[in-house]
Every structure is written in C-alpha cells, then in structure tokens.
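Reading through the structure tokens given below for one structure.
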Amino acid sequence: MCGIVGYIGPRDATPLILQGLQRLEYRGYDSAGIAVLQNGALAVRRDVGKLNNLRQMVNDKPLNGRIGIGHTRWATHGVPSSRNAHPHTSASGKTVVVHNGIVENFRDLRAELEADGVTFTSDTDTEVIVHLVQREIDAGHDVTEATRRTVGRLRGAHAIVVLNVNEPDRLVAVRIGNAGGVALGLGDDEMFVASDIPAILEHTRRMVFLESRQMVTLTRDAYTVQALDGTPVDAEIHDISWDPVSAARGEYKHFMQKEIHEQARSLTDTIRGRVDFQTNTITLPNLTISPDDARRIKRIVTVACGTSAYSALVGKFILEELTRIPVEVDYGSEYRYRDPILDEDCAVLAITQSGETVDTLAAMEEAREKHARQWSIVNAIGSQAMRVADGFITMQAGPEIGVASTKAFTTSIVDQYLLALYLAQQRGTLSREKAAQHVQDIARLPDMVGQVLDREAAIEALAAELYQYSNFLYLGRGINYPIALEGALKLKEISYIHAEGYPAGEMKHGPIALIDEHMPVLAITLKDGVYEKMLSQVEQAKSRGGIVIAVATDGDTLIAEKADHVLYVPDTPPLISPIVSVIPLQLLAYHIAVRRGCDVDQPRNLAKSVTVE
Ligand code: AGP
C-alpha cells in the first residue's frame, strides 16, 4: 500500500515528511516523492526506487517550507518510474496531490479532461484527481470545496491529501473506503496527516482518525472534520500509547495476524479495476491477449514454490473448468531441471509473491528459451518475475511482511480466477450469464472471508487444546486438497510441528496406519461434491481412535456428530471454497504457534523470499 505524510507548522516540513515516509517503509513501495510550498511556489522532488534516492535528490536540490506533503508509491496503474511517482501537480503548478487507492473510473475521467485540453504527464490513475481539483478551484471554489466536489466523481477507495498555493495555510485530506487510513496528528501549534500512526507517533500521541467518507481541513492550529455531504463531524481524539514498531502492526500482535485479517480488504483490492460489474467483463491491463491468440493456447503450465505452488494447484481446477485448457502444475525447483516440452502454443504461468524466488525465475527462463508465453502473478511491483514476463497480473495485496504467506495465497487464487474468466471471455467459451455468476461469486468473497475472521476466538480456543501435539494430518479432496497441503505448511513453518497434507482418497493406500489418538486429523469436509467421501474419511479416522477437527459448512449438524471439533465456514460456490476454507487453518496455525512461543513473523531457518537455490 502507498504511504502518505503531510505537515503544517512552524518547523521545516522537509525532514519531518521524509522521516515520516521512512516510518512507513514497512508498507512496501517502489517510488517516493515530496512537495513543499517554498517562497509561494510548489517545489516537488520525486524518484523511483527507495527513499535514499529521494533523500539524495533533496540534498542535491534542497526544498524548504512550513507546509508540505510526501508519498511512497506501491504501483498499481503505471509502472514504477519518476514520472508516475507522487506527488502529482496540476498543469498550472498551483495544486498538488498525493493519493492512496485506485480511481476505478480514471479512464473516463482522463478522457473527459483531455477533451477539455488537459495534458497528462503520467500513466497513473491519480493524476486525474489533481486536474479535477484544479478545475474546481479555477471555477471559484476554495480547496476544501474543490476537493469535496472532486471526490464525488471518483469510483473506488481513496485516501487523498491536497495542497494549493493560493491557500498556503491549509491541507485538505479525504478518506473513502479502505484504501489505507487517514490519521491526523495534533501537535503543539503544528498538525500532521498520515496513512498510518508510525509516521507521526514521535511528534504527537494525540490523533484523530478519519472514517470512510469523511474529509478534514487542517491549519497549523486547528482542524475541521466533515462528512462528504458537508455535515460537520465531532471526531474523537485518541491518545496513542503504542511504540512505533508495534504501531505498524496496529492492534495485532504479529504482522501475520494483521495480514490474515487484511484478506477481507485485500481480496477487494485484487478485484478492483479488473471487473466491470455492469458488463461482467474482465480486463487485465498488463496481460492482454487477442481472441485469436487466446484460442491458440493449447496448454498452461503453472510453476511456483511453497504456498504459491498450492495456490497453483487450486488454480488448476478453476482454469480448466472455465477455459477447458489443460493445466499442468509443477514446483519451480523441479521444473527447471526437467527439460520441459514446450512450444509457442503453451503458456507458462509463474505465481510468486516476492517475484524473486530463484527456482520460479529459473522455470520462467525455461519457458523463454522454449518460446512459450511467459505470464506471472506477482505481488511485489517491479520484481523480476513481473519485468521478464510477457504479461503479468498483480495480486494487489499490499506488502506481505510475515514470512508465512497468507493474503498473497488467497489473492493469487483470485488472480487465477480472473485470468480464467478473461481467457474464457477471449476464447468465447463462457456465456455472459455464466460470467456474471462467477463475477458475483467473487464479489461475495470479502464478506464471506470476513465472517470467518469474526470467528477467530473459537479457533484460538481450539489452538489451546491442540498446541502440544507433535504430529498433524491434514486431509482434503478435489479443489480443497491443496488447502490440506497449505494448512499443513502453515503449521509446519511457524510452529515447527510436523504436519502432512494428504489427498483424503489416498489414506486407505497406507497413511491410515498412522491414525491414533496422538495425531489430530484436520479434515476439510465442505458440503460439496466430495462431502460424502470426506464424511467416511472422518468416520474411518474416528474408528481408529483419531482426533478429528473438521472444516465444515455452516448449518451442517451431521459432521458435528462425527468430528471432535468443527470449524464452520459459510456455504460457498465450489471454485471459491478454498479461499474460505483456508482461513480457519491460517488462524489455527497462527494461534498454535503463538501458544508455543514461536517467532511467528520470522520463523527459524526461513526467509520471506528464497532468492538462492
Ligand atoms: C509460505 O508461507 C512460505 N513463506 C514459502 O513457501 C513461500 O510461499 C515460497 O517461498 C514462495 O515464495 P514466493 O511466492 O515469493 O515465490
């Protein structure tokens, strides 16, 4: 996610803003910039890359003033570059804006502005905001009213801060939806605004947090909060007692817990800007393929490692059902040495959160050498797997700090769903009605995931009963077999307990000999096409003295008679059921690891990105 910092007061804004951006680095970014009102004019510095590049630029060409705004950018529209970095300035140079979020209707707004004679200088969606604000100011409105009128035209979730040279004593900030917060820091004769607490905590602990659809006008000694309809708001002042590092985790004990809970929002971000809910069509801005080209694809090979490989196994079901293209899944570390059979009618899809996993990159290289198309699904903007691919889809999950991957897993499944719908749309193998149904199913995901996250307390209580066992077995079947693999990996990597994911139907071919009262069995037993089969697995495990924890569908009372514990999830359509069934397993692994006193965010022996063989 992007980071925003603004300041107004008696001190020099530049070092305060740069320091604040530094505190937000944990959010991940690929470019940064700052704008300060200097001698009555806006001075702007911005550069691609890390904050050090920006600091160097500021050292070479200083800018000083008492009011300013800064930004770290996590690119969604427009590649990481200095021209796409924020802040963005209006053509007259009188207004400047920083923005967190996605203007979903930016194409229409850009066309309207260009028809009005506006010349754009970037590829970003954000730039439409500053031109719209300027146009309202030129029409005679003050910066508060101009901003209010502008956001009324934007679709999507946003956090925006605006500065105009003709009103040098104020900043205006707006929050719409969940594109990152807007926190006001109330200082002594100075005010701060930021995306998140860590950026301003060292200056003040008195903070006001904008709710969605609220805006604020800030001067150095006052602030006025209002709803977007102009109604005044009496916002509560909070006294923040956190230390800066824990502030980055918010109210969560670990980044992993925070990221598990972020999934309700990150799944919304993943969908944003790709699904037109009016026409039920999919657009993938960085992976476009003509209908003829789409029809030529004979095979898809998905390569990935670890959790991303399990996402690929789920995606196989989705891609094959919707496109009828055969999909082969392989570990990057195996594929790279298999001398694979590929040609130009194959597409090799790499799934990688970091975009830097050496085995996955090597597998992509195989694809390139054999003239197959290279696609990638990545989270880290500007990463190698994004740059070398012929086309890519970003997970738009925001930075994933915990070593154990959670939100990248679920968002990469949604990306494969979007790819499958897009290919089917281009190949003409999916009716509009069916596409509409799938789009509606995906749109329900954030709410269903939110329902499971609300059940964390019951999962935490179960962890207290299970955390001392030394071996676990995870069973799943069909599209939820990969979830058994992923659930086992989560437990292994953060609690150091041995856990094995297994296809439930294979138990009778040997592993059932393992079952006894010393090894809990996690069985994913949803009301789907393999429910009866899974039910008999549960009975077989119970008849051998096993302890069974079932992940089951809300309202299923039969399973409660058979299993020792039941973790319920909402009833979901089959293709999205894995995204819901994995949530209790993520939370169970997390709370077991916490109970065992493990270092959840940095487990022993592990790295967030395996860039060496
Ligand atoms: C998952 O929790 C692990 N951190 C690990 O398996 C990870 O998924 C794997 O290393 C692949 O990483 P990538 O998605 O960045 O390529």
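Whatever order the structure lists ligands and atoms in, that order sets their numbers, starting from 1. All residue numbers refer to positions in the sequence shown, counting from 1. Note that the coordinates shown come from a computational prediction; the quantities given were computed from them, not determined experimentally.
- Taking distance alone, with nitrogen or oxygen atoms compared against 3.5 Å, T360 stays at or beyond that limit from ligand 1.
- Closest approach of E486 to S405, counting heavy atoms only: OE2-O, 3.7 Å.
- Listed by number with element, the atoms of ligand 1 under 4.0 angstrom from any heavy atom of S308 are 8 (O), 13 (P), 14 (O).
- Protein heavy atom closest to atom 10 (O) of ligand 1, with residue, atom name and distance, is V610 CG2, 4.0 Å.
- Of all atoms in ligand 1, listed by their number and element, those nearer than 4.0 Å to a heavy atom of S405 are 1 (C), 2 (O).
- In terms of protein heavy-atom proximity, atom 12 (O) of ligand 1 is nearest to T357 OG1, 3.6 Å.
- The main-chain N or O of L21 is never found under 3.5 Å from a side-chain atom of T72 such that the two would form a donor-acceptor pair.
- When only non-hydrogen protein atoms are considered, atom 11 (C) of ligand 1 lies nearest to C305 O, 3.4 Å.
- Considering T572, D528, N480 as possible partners of S577, the one that fulfils the side-chain hydrogen bond (donor to acceptor under 3.5 Å, both in side chains) test is N480.
- Checking side-chain atoms of N379 against main-chain N and O of S354 turns up no donor-acceptor pair under 3.5 Å.
- Taking CD1 of I413 as the start and CD1 of I318 as the end, the distance is 6.5 Å to the nearest 0.5 Å.
- Contacts between E493 and ligand 1 below 4.0 angstrom, taking non-hydrogen atoms only, involve the side chain exclusively.
- Taking only nitrogen or oxygen atoms, main chain and side chain alike, V403 reaches within less than 3.5 Å of ligand 1.
- Screening V566, L526, T525 against V551 for a side-chain contact (heavy atoms from CB on, under 4.5 Å) leaves a single residue, L526.
- With a heavy-atom cut-off of 4.0 Å, T352 touches ligand 1 through backbone and side chain alike.
- Each of the atoms 2 (O) of ligand 1 lies under 4.0 Å from some heavy atom of A404.
- Between atom CZ of residue R46 and atom CZ of residue R73 there is a gap of 10.0 Å, rounded to the nearest 0.5 Å.
- Using a 4.0 angstrom heavy-atom cutoff, K490 counts as in contact with ligand 1.
- Between Y474 and F472, the angle of the ring planes lies from 30° to 60°, which puts this pair in the tilted group.
- Scanning the protein for heavy atoms near atom 5 (C) of ligand 1, the closest one is T307 N, 4.2 Å.
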